[in-house]
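Reckoned from all heavy atoms, side chains included, excluding hydrogens, waters and symmetry mates. Protein chains get the first letters and strands the later ones, always in sequence-line order, with residue 1 at the start of each. Just so it is clear, the structure is predicted and the values come from calculations on it, not from any experiment.
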Number of protein chains: 2
Amino acid sequence: MPSRKPRSAPLYEQIRQLIVAALAAGEWKPGESLPSEAALAERFGASAGTVRRALDELTAEHLVERRQGSGTFVSTHAAPRQPFRFLRLVPDDDAQAFTRELLSCRRLRATAPIALALGLRPAEPVIEVRRLLHRRERPVVLDELWLPEKNFEGLTAEVIESHAGALYALFEARFGVHMVRAQEQLRAVAAPRQAAVLLRVPEGQPLLSVERLAFTYGDRPVELRRGLYLTDHDHYRNDLN
Amino acid sequence: MPSRKPRSAPLYEQIRQLIVAALAAGEWKPGESLPSEAALAERFGASAGTVRRALDELTAEHLVERRQGSGTFVSTHAAPRQPFRFLRLVPDDDAQAFTRELLSCRRLRATAPIALALGLRPAEPVIEVRRLLHRRERPVVLDELWLPEKNFEGLTAEVIESHAGALYALFEARFGVHMVRAQEQLRAVAAPRQAAVLLRVPEGQPLLSVERLAFTYGDRPVELRRGLYLTDHDHYRNDLN
DNA sequence: CAGTGGTCTAGACCACCAT
DNA sequence: TGGTGGTCTAGACCACTGC
């Protein structure tokens, strides 16, 4: 028998990690197809069944999508299967259709909490984006985002305004940053004066505060977001399994 | 070749559904072990691999738990793997430990929205439970529950008070109703007077409103719940995948 | 029709648990 | 030590896609 394996993680898990590393390195871009199961089995020296198991895990994590008859593809926010995977706010009645209004896009230095969340050195430069989401001419969401400048060099108001799709699709297409998962912390808060003005509600109005930390491949945090949701005619939907 | 199969769902899916039906029928109770893979394969006339696939799906849905070396067991809220699977409110700082205070337990007739949510006829009898959750002598959650009386006959304040564990463990042990999954709708609301008094906050204080519809085997709704969470020192945590 | 993923089987071997 | 689930393989056949 050949060399001793440390017998740490199962083979399908090692292969999964190797594929994630290749995705992080950009070997296959979002929307592109991966090699076939047989080709990957050859590459990793494993059986097709073991590679399939690794790909099934990646499918469950939404890192790839499989289409019978055509292949395995890197997930993309450009033409997503699930259009609003990361926006859980849904109208009480009909379908959702938001319009976006960009408020500002500036370069500034990370405050201590922002640097901590994003894993940056204190005062490292970040880009702050502020915007409003409207439905039927009424503001519903006030969003503030902070992004490490080193990952989003060249992000300006013009770049955002000239892009039609979702922000995460822009990040992916223009900066090669694909968002994989996120953690959110929800609270009920009283609307501060400035937010109240923008959302056209009285100061002190109860709002749903949603703090999100979003991660790219390899669990690297690359976006901190703070949303204030007006929940008079919308709600945040969550499924517990 | 023998009879034509309609070729509807794959075999592992059919087997999954048969096992769910057996769970719903109470063939194996929460905490008990299922037959081994080999025995189930024999029973359903399939290979071990196919039965394994069905059991893997049920594991992902938290309907069963598998323990290497000892067997496959029906999930239970009595000794859960994940202690707070359905309570997403976590303290900002340290660990969670709630004490419960029962406010009331009464029998009444379902209002229209309650009947609709639970799939009952109008004015069918339901049991209403109201309670407070405290941490460090401070009220944090005001909970109201509505349960179909036909499924929870004999549920009284005394029954609740005499039970040490979680409510869902009580429901399972005493009424044979195991909660499988739930949908929640979150909003920020202003504390109504009565809730404000109970939670010891000013009237109008922003609170996180959590409406939950919980389902048992076969997606049958059996509990409607309305929680008002004080989120000054706690937050609702959610992971987006 | 060739190539892809999806299903199903059979069997070997390993890791873990109970006794 | 026997029984359980966990991993890995090899191969057959099916269903779907795209040329």
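Residues passing the side-chain contact (heavy atoms from CB on, under 4.5 Å) test with B:Val180 are B:Leu63, B:His178, B:Tyr217, sequence neighbours excluded. Scanning for side-chain contact (heavy atoms from CB on, under 4.5 Å) contacts around A:Ala38 gives A:Ser36, with sequence neighbours left out. With sequence neighbours excluded, the residues satisfying side-chain contact (heavy atoms from CB on, under 4.5 Å) with B:Arg226 are B:Glu144, B:Trp146, B:Val189, B:Ser209, B:Glu211, B:Leu228. For A:Arg52, the side-chain contact (heavy atoms from CB on, under 4.5 Å) test picks out A:Glu37, A:Asp56, A:Arg66, with sequence neighbours left out. Residues meeting the salt bridge (Lys or Arg N to Asp or Glu O under 4.0 Å) test with A:Glu61, sequence neighbours left out: A:Arg16.
Here the nucleotide nearest the side chain of B:Tyr12, chosen from D:dA15, D:dG5, C:dC8, is C:dC8. Set against C:dC8, D:dG6, C:dG6, the side chain of B:Pro10 has C:dC8 as its closest nucleotide. Picking from D:dT9, D:dG5, C:dT4 the nucleotide with the shortest atom distance to the side chain of A:Leu11 gives D:dT9.
A:Phe175 is listed as a side-chain neighbour of A:Leu155, based on a closest heavy-atom distance under 4.5 Å.
Summarising the geometry, the separation between CZ on A:Arg66 and C1' on C:dT4 is reported as 10 Å, rounded to the nearest angstrom. In this structure, CD of B:Glu37 is placed 15 Å from C1' of C:dC17, rounded to the nearest angstrom. One can place CZ of A:Arg67 at 15 Å from P of C:dT4, the figure rounded to the nearest angstrom.
When each of A:Ser70 and B:Gly71 is assigned the nucleotide of DNA chain D bearing its nearest heavy atom, the one mapping closer to the 5' terminus is B:Gly71.
Of the residues in residues 40-65 of chain A, those with a non-hydrogen atom less than 4.0 angstrom from any atom of DNA chain C are A:Arg52.
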